[in-house]
Amino acid sequence: MRFAFFKKFSLLFDGLLACILVLVIESISRHSLVSALQFTFGTPLTFLYNALLIFTTLLIVYLFRRRMFFRIIISVFWLVLGIANGCVLANRVTPFNFTDLKLVRDLFDMNNSKYLSTAQVAAIVVALCAIAVLLVFLAVRGPKYEGAVHRIRYAIGLAALLIAVPWITKGAIRVNILADYYGNLAEGYQRYGFVYSFAASAVGTGMSKPDNYSEETIAAICDSVDTEETSADTDDLPNIVVVQLETFIDPYELNFLTYSEDPIPNFHNLMENYTSGYLTVPVVGAGTANTEFEVLTGMGIQFFGLGEYPYKTILKETVCESIASDLSQLGYGTHAVHNNGGNFYSRATIFSQMGFDSYTSKELMNITEYNEYGTWPTDDILVEETEKALDSTDQQSDFVFTITVQSHGSYPSEQILEDPAIEVTGGETEAEHYQWEYYINELHEVDAFIGDLIEMLENRDEKTILVLYGDHLPTMGLTDEDMNNGSIYQTTYATWNNFGLEAEDTDLYAYQLMAYITDLLDIHEGTMFTYHQSEMEAGTTEEDSYVTDWELLQYDLLYGELYCYGGEQICEASDLVMGIEDVVIRSAKISDDGETLVVTGENFTPWSVVYINGEAAETKYVTEHKLRASLSGELEHDAAVVVNQVGSKNTVFRSSNEQLIVSE
């Protein structure tokens, strides 16, 4: 009788199920049932819209006899997404979105990142196995609907609802029940719900064509750009070294912590004596690549889909004008340096699309030192690698974009530092104390790297400007009220130079940074950078026209007809060279026991792999001059060996010369 009642009113019960799922998902995402209930009853129309999306997917079950089986599959699907969001928000401020699915492989490639403990991984595996067993049981032994399956009727109903949802969405946006852009992604998810926000991030990638996009409009914008021609002496252009500091902020902006001494004296010295200011960035707690995108291109993340990473979408398939391609037109050598994997955020591809000449990733570095938590390489190696990039060109100015990694999260909630250089007080709990103490001491070590970098640049007889900026704040639950500047979207930038530029304190957005710096150098190149220079000079950056024209230019360059370029693409992907120095084999000899191949040479790294006749051998890194490779079976006559620098996905970034094997 109960089953008959359920069957008769199954649509009603599925609507109730959808509401329950939204409540559970919001509780998990917010880590609070109370907060989820406030969302439910405080914004009931928004809550019901989220339930409508889940209800729409539940209509699929009526196309099958095993309705319970498919109902559970769909429910589990939404719950898994909600759980993923809850886990993500436990480690960063930015919520889980569709683009994150494209980064899963990258995250697995980040060894020892410690975002999940062994116990958490085990719990996830057990839960997934239990779900799999349940689904197999229901598929084989689960109940079947015994009545007539009116597939056409339900298919028509499902199709009608799928057609109606976009119109309902537009109406809800029009009356402010929903929003189609979140200035603060985390706040947007809180206000409008996970289900809607995740779905919007899945269907809303790329840029929509602006209503007034036309050749005439773009021509008018380009004609309005009022900058001088580059007046700097092209024979005396300074080196430009830009350092993106991973999760780096001014600790004195945190109003609840105190320190035994200044954690970042070198950076503060730059702030006092050279041009510096606040930098408004588009992300918090994660999303380095999006701040990087804005800095390098002068474009805005706000015009893309919710939580989108252009590095993982449009830039993988199209070239993009950047500060590197613009400076190369003046004769600059352009280089990127980063002590993390070359494939992370697809940088090996993206930097080519942006016109860089070279990219030195960790696979090309002799990295042996890691931070105290053992998660990330220390940044001191970047001094040497930045200098190599500067030395790689002869009689040529250089642009070097260096990215640090040492202060990247996550941060341990247990004691790691027994005798910290900087003692920190102010954490509310013991776990928070250890997290903040560890993080602040990592900043202290990064600041030492900054001092060493400046010393290296001072010792070079070359005009140079150095620009340093933080990409985003750390996680750990920071709010605007925790910051002296009142915003978790503001980091700090500082500069240094050795040719007498006057110091100015100017607050900027990430997309304005390189336009501002090149303007100081009398360099006026590039579509986006000259646009920002012109608008900043005219003082119109607070006006609506600044943003609308900026969006039009961005659409034209990435998705439009390239009216800025006269209708033809003028940028080209570069023949990006991975690393600066050649990997060289001097000898390859079989050991006396016949089981090991000893390879000697130059510029080997822990990511060097010996290939024998084209097949990878198990390789042990000994020093930058020696590798050992295991031999299996007999070698062919005149067997040849090559050392490849190998990244994730078995990508070969650079290869050595070929050497014949000899017996010792």
Side-chain angles (χ1 to χ4, degrees), residues 92-94 183-187 241-257 259 262-272 274-302 309 323 338 345 376 379 401-409 411 436 439-440 442-447 449-450 453 466-496 504-517 532:
R92 76 182 196 197
V93 176
T94 308
N184 182 320
L185 194 65
E187 288 182 1
V241 179
V242 178
V243 181
Q244 179 171 270
L245 300 166
E246 172 64 49
T247 323
F248 186 94
I249 63 169
D250 183 348
Y252 289 152
E253 291 296 336
L254 299 167
N255 58 31
F256 58 93
L257 294 180
Y259 317 103
D262 186 353
I264 55 169
N266 292 310
F267 195 85
H268 283 150
N269 179 63
L270 298 180
M271 292 176 64
E272 292 174 5
Y274 299 90
T275 294
S276 63
Y278 289 121
L279 189 72
T280 300
V281 297
V283 293
V284 176
T288 294
N290 280 351
T291 300
E292 183 177 315
F293 169 80
E294 291 201 343
V295 169
L296 290 176
T297 65
M299 297 181 183
I301 291 298
Q302 67 193 72
Y309 291 86
I323 191 63
H338 184 27
Y345 281 128
W376 306 107
D379 290 334
F401 183 66
T402 298
I403 310 166
T404 71
V405 78
Q406 180 174 347
S407 50
H408 196 295
Y411 309 107
W436 284 113
Y439 171 66
I440 296 300
E442 289 305 304
L443 292 188
H444 184 61
E445 292 191 16
V446 175
D447 185 72
F449 149 73
I450 292 172
L453 180 65
L466 171 67
V467 183
L468 307 114
Y469 68 90
D471 59 350
H472 56 71
L473 270 65
T475 53
M476 297 188 282
L478 289 174
T479 65
D480 289 342
E481 289 72 26
D482 296 322
M483 310 302 298
N484 286 325
N485 59 17
S487 174
I488 58 174
Y489 281 85
Q490 280 190 332
T491 63
T492 313
Y493 79 94
T495 66
W496 169 90
E504 298 179 8
D505 289 334
T506 304
D507 297 339
L508 300 167
Y509 289 88
Y511 51 78
Q512 296 172 329
L513 180 61
M514 291 314 301
Y516 179 72
I517 295 299
H532 290 308

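Note that the numbering runs from 1 along the sequence shown for the chain. Here the structure is a predicted model, which means the values were calculated and not measured.
- L279 is not listed as a side-chain neighbour of Q490, based on a closest heavy-atom distance of 4.5 Å or more.
- A distance below 6.0 Å separates the ring centres of Y259 and Y252.
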Pair E504, Y274 - check side-chain hydrogen bond (donor to acceptor under 3.5 Å, both in side chains), show working. CA-CA 7 Å; E504 298 179 8; Y274 299 90; over 6 Å; no
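- When every heavy atom of T404 is checked against every heavy atom of L245, the shortest pair comes out as OG1-CA, 3.3 Å.
- Counting all heavy atoms, side chain and backbone alike, L443 lies closest to P251 at CD1-CG, 3.8 Å.
- Put simply, the side chain of P282 reaches to within 4.5 Å of the side chain of T291, judged on heavy atoms.
- The closest side-chain heavy-atom distance from L468 to L270 is below 4.5 Å.
- To the nearest 0.5 Å, atoms CD (E292) and NE2 (H472) are separated by 10.5 Å.
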T280 vs L508, test: side chain to side chain contact (heavy atoms under 4.5 Å, CB included). Steps then yes/no. CA-CA 6 Å; T280 300; L508 300 167; over 6 Å; no
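- In this structure, F248 has its ring center no closer than 6.0 Å to that of Y469.
- Rounding to the nearest 0.5 angstrom, the gap separating the CD atom in E253 from the CG atom in N484 is 5.5 Å.
- Counting heavy atoms of neighbouring residues, nucleotides and ligands inside a 6.0 Å radius, atom OH of Y509 does not exceed 12 of them.
- Side-chain contact of Q406 with E246: a donor-acceptor pair under 3.5 Å is absent, judged by distance alone.
- Looking at H338, its side chain never comes within 3.5 Å of a backbone N or O of T402 through a donor-acceptor pair.
- Taking 4.5 Å as the limit, some side-chain heavy atom of Y439 sits within range of a side-chain heavy atom of T247.
- Of the possible polar contacts, none joining the N290 side chain to the G287 backbone as a donor-acceptor pair under 3.5 Å is found.
- Heavy atoms only, all atoms of each residue included: P263 and H444 are closest at O-ND1, 2.7 Å.
- Relative orientation of the Y516 and Y493 rings is perpendicular, given thresholds of 30° and 60° on the angle between their planes.
- For the pair I264 and D262, the tightest heavy-atom approach, listed with the atom from each and the gap, is N-OD1, 3.0 Å.
- The minimum heavy-atom distance linking I249 with P474 is given by the pair CD1-CD, 4.1 Å.
- Side-chain atoms of E445 and D379, non-hydrogen and from C-beta on, never get closer than 4.5 Å to each other.
- Under the side chain to side chain contact (heavy atoms under 4.5 Å, CB included) rule, I517 has a single partner from V467, V242, V295, which is V467.
- A donor-acceptor pair is defined here as one N or O able to donate and one able to accept, closer than 3.5 Å; no such pair exists between the side chain of D505 and the backbone of G277.
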Worked verdict on H268 versus D447 for side-chain hydrogen bond (donor to acceptor under 3.5 Å, both in side chains): CA-CA 9 Å; H268 283 150; D447 185 72; over 6 Å; no
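- A 4.5 Å side-chain heavy-atom check between L254 and W436 finds at least one atom pair inside the cut-off.
- N266 is not listed as a side-chain neighbour of N269, based on a closest heavy-atom distance of 4.5 Å or more.
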Starting from the C-alpha separation in whole Å, work towards a yes-or-no answer on side chain to side chain contact (heavy atoms under 4.5 Å, CB included) for L473 and V281. CA-CA 9 Å; L473 270 65; V281 297; 5.9 Å; no
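- In this structure, the side chains of T495 and S276 stay at 4.5 Å or more apart for every pair of heavy atoms.
- The shortest heavy-atom contact between M483 and N255 is N-ND2, 3.6 Å.
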I'd like to know whether M299 forms a side chain to side chain contact (heavy atoms under 4.5 Å, CB included) with Y511, so could you lay out the CA-CA distance, the side-chain angles of the two residues, the decisive distance to 0.1 Å, and finally the verdict. CA-CA 6 Å; M299 297 181 183; Y511 51 78; over 6 Å; no
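- Judged by distance alone, the side chains of D471 and T288 do bring a donor and an acceptor atom under 3.5 Å apart.
- Using modelled atom types, one side-chain atom of W376 and one backbone atom of G409 make a donor-acceptor pair closer than 3.5 Å.
- Counting only distance, with no hydrogens or angles, the side chain of Q244 and the backbone of F401 share no donor-acceptor pair below 3.5 Å.
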